[in-house]
Amino acid sequence: MESIRNFLKSWPGRIFLMLCLSPLVILGLESYFTGSANANDVAKVGDQTISRAEYQDAINNRRNELLQNGVEASAINTNALNREVLESLINRAVLRNQSEQLGMHVSDQVINDLLLQDPQFLDENGQFSNDRFAFALQQQGITKDQLFAQYRQQLNLMQLYASVAQTALYPEAEINDLLALQLETRDVWVYRLPWEQYKDKVSVSNKEIEDYYNEHKNELNSVAMVDLAYIQLDPSKITVEEVSKEEVQAQYDAFKANYAGNYSQKLSQILVTGDNAQKTIQQIENRLKKGESFEALAKEFSEDPVSAAKGGDIGTFNPDVFGADGSKVAQAIEGLNKGQVSAPVKTSFGYQLFKVTEMSGAGVPSLDSMREELVAQAKRQKREELIADKITRINEMAIDGVSIEDIAQQEELSVQKIKDYTKKGNKTVLAQPAVIEAAFDDYAIQDESVSASIKVNNGTLWVQPTNYRPVKPLTLQQATAKIKNILVQQKASAQALAAAQNISKTVNNKGMQAVQAKFQSLGNVNRQSPLLTAKEQAIAFSKDSTGGKQVAVSEKTNEGATVLVLGPITKGSMQDVPAAELSQAMFDMRSIRGQEYFSDYVEYLKGATKIEKNEKVINEVGGV
């Protein structure tokens, strides 16, 4: 705790306290400290509230997480994502209620001990680093108190989870039985009969179609569809002018300000604040020029208590630690050799002098050696700026109600069209969930307006739906073709199954060589073999053979029917499982049972908790 107190008094601590003066609502943390509801809250869950900001931040964080994991933006179903996030926030609120009612509490000392051991805050010697702690707070945009609140809430919930999940019992005998089943193997041969090869052997009467229609008419509906016009902005087709010398120099300056590589400088500093700071720092500078010790003057004059106690030592230079002043400090120490002191630097914290105490690695590469890379970076930046400007202009025109044809003409893009663009079962080139969502937006359909920009892998899209046809019941005539296809597949699949059953019977009576079916050998497989479909896996170990003979089984599948010829089951031996793997398997199974217990517990708590959702605010933020 003393390390953190010192940090908050030090110059980096002051930096981050200044950066974190924004309201807690930005972080969605206000729900930690208040239980009162207002009209702008998303939900009231017992004594807890979920604010608009907390909901919006959680949506943004979840979306960013998906994007960072490689999910394409246009593949994200916004409604499903929002629903998942809201349910998660409600679950957390229910659990916060319960942890408070049970009196669970984590002390500051426990949190402090965890922070002191957190690898992200340790330096190369394994010691707690104020600089790294400060940098982590800056990256998250929070204060020390907010970090403690986050840790405390998370630890409380972990305590609650452990108290429930650890009550789950999974007897070792049951675990051994399950593992033994997973270790079983057998030789398998497969013969698949697709229903399509029987479709010409079946017929469907008008009477059968009519009977099916009368029985399922409530399920036979048209698909919602529109005629879709769209424009696409391809970044590779944006023309970029040659970059200037000034632009290359700007790229190099930015590179130097953030250069890490294998080059580093260790610094000491003297910080002076107050009305007379400039005069004082100049006096200190004069004394340094006369040969006085930088370390001694730092201990005497520096107003940063942590570094002053160490003769001004602040460790390896990292421009990010200085926030907005990073480039200014970098320029001040640029070109200094070991033992040299910078000129006074005016920062947002006062006046500072810096001394280079150690240098390692090679210097910053020259501009000429990096020219090709810098030119390419400058071009990329110019292209990104042109694209961003173009997207902004198109979005503004879309908001103003300009048609997609007029937008395309003004921005020199081509309009492409898709007739009968469907909401369900979409097989077009624009089948991404985000595009479908924009095309069938209620307001867009009503106004036949152009959507906002939609990010896809190969650029950015805007869509304009017209001629909306809503879902409506199909007439017998409209449904006839669809019903006929369904009945043909049903009848053909039944024939495929009958043929499969006959093959199985023959194999069981006379052996596999007695049938003309060309079986494919899958070799020795287990219950999870990817060579089998889910339905085939379900029957592959359903029957054991006797006397070492093969046994045949058959089953209807989504594709038609399958015949499996199965060799004797080889039992798995627990002795073949390494002790570490066995222990891990037992842990995993008990963890799964614990998670099931905890999920049931959460549902029980939700049933016993008053939950009020503010649909108006939910829909304003994004809807579910």
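What you see is a predicted model, and the numbers here were worked out from it, not measured in a lab. For the numbers below, each heavy atom of this structure counts, side chains included, while hydrogens, waters and symmetry mates do not.
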Hey, are [X] and [Y] close enough for a salt bridge, meaning a charged N less than 4.0 Å from a carboxylate O?
{"X": "K606", "Y": "E603", "result": "yes"}
{"X": "R469", "Y": "D420", "result": "yes"}
{"X": "R62", "Y": "D57", "result": "no"}

State whether the side chain of [X] and the backbone N or O of [Y] hold a donor-acceptor pair below 3.5 Å, judged by distance alone.
{"X": "Q516", "Y": "Q513", "result": "no"}
{"X": "E411", "Y": "K390", "result": "no"}
{"X": "D41", "Y": "A43", "result": "no"}
{"X": "K44", "Y": "G46", "result": "yes"}
{"X": "D447", "Y": "S449", "result": "no"}
{"X": "R383", "Y": "P235", "result": "yes"}

More than 12 heavy atoms of other residues, nucleotides or ligands under 6.0 Å from [atom1] of [X]: yes or no?
{"X": "K423", "atom1": "NZ", "value": "no"}
{"X": "K199", "atom1": "NZ", "value": "no"}
{"X": "K613", "atom1": "NZ", "value": "no"}

Which is it for I503 and Q501 under the side-chain contact (heavy atoms from CB on, under 4.5 Å) test, yes or no, and what are the steps along the way? CA-CA 5 Å; I503 293 172; Q501 290 170 337; over 6 Å; no
N502, V563, V565, T506 screened by side-chain contact (heavy atoms from CB on, under 4.5 Å) with V515, the one that passes: T506
Checking side-chain contact (heavy atoms from CB on, under 4.5 Å) against I407, which of I394, L413, N395 comes through? I394
Distance-only side-chain donor-acceptor flag, [X] / [Y], under 3.5 Å:
{"X": "E536", "Y": "T562", "result": "yes"}
{"X": "E448", "Y": "Y468", "result": "no"}
{"X": "Q56", "Y": "N60", "result": "yes"}
{"X": "Q153", "Y": "R92", "result": "yes"}
{"X": "D187", "Y": "N524", "result": "yes"}
{"X": "N221", "Y": "K472", "result": "no"}

Show me the donor-acceptor pairs within less than 3.5 Å that the side chains of residues 396-403 make with the rest of the protein, sequence neighbours left out.
| residue | atom | partner | partner atom | Å |
| --- | --- | --- | --- | --- |
| S403 | OG | D406 | N | 3.3 |
| S403 | OG | D406 | OD2 | 3.2 |

Pair E196, Q489 - check side chain to side chain donor-acceptor pair (under 3.5 Å), show working. CA-CA 8 Å; E196 289 89 350; Q489 182 172 349; over 6 Å; no
Could you tell me whether the side chain of I454 reaches within less than 4.5 Å of the side chain of W462, counting heavy atoms only? no
Is there a side-chain contact between R186 and T570 in this structure, where contact means two heavy atoms from C-beta onward sitting under 4.5 Å apart? no
Closest non-hydrogen atom pair, N558 against W195: O-CD1, 4.3 Å
Name the orientation class of the two ring planes belonging to F440 and Y421 (parallel below 30°, tilted from 30 to 60°, perpendicular beyond 60°). parallel
Tell me the ring pair (Phe, Tyr, Trp, His ring centres under 6.0 Å) pairs involving residues 202-221, sequence neighbours left out? Y212-H216
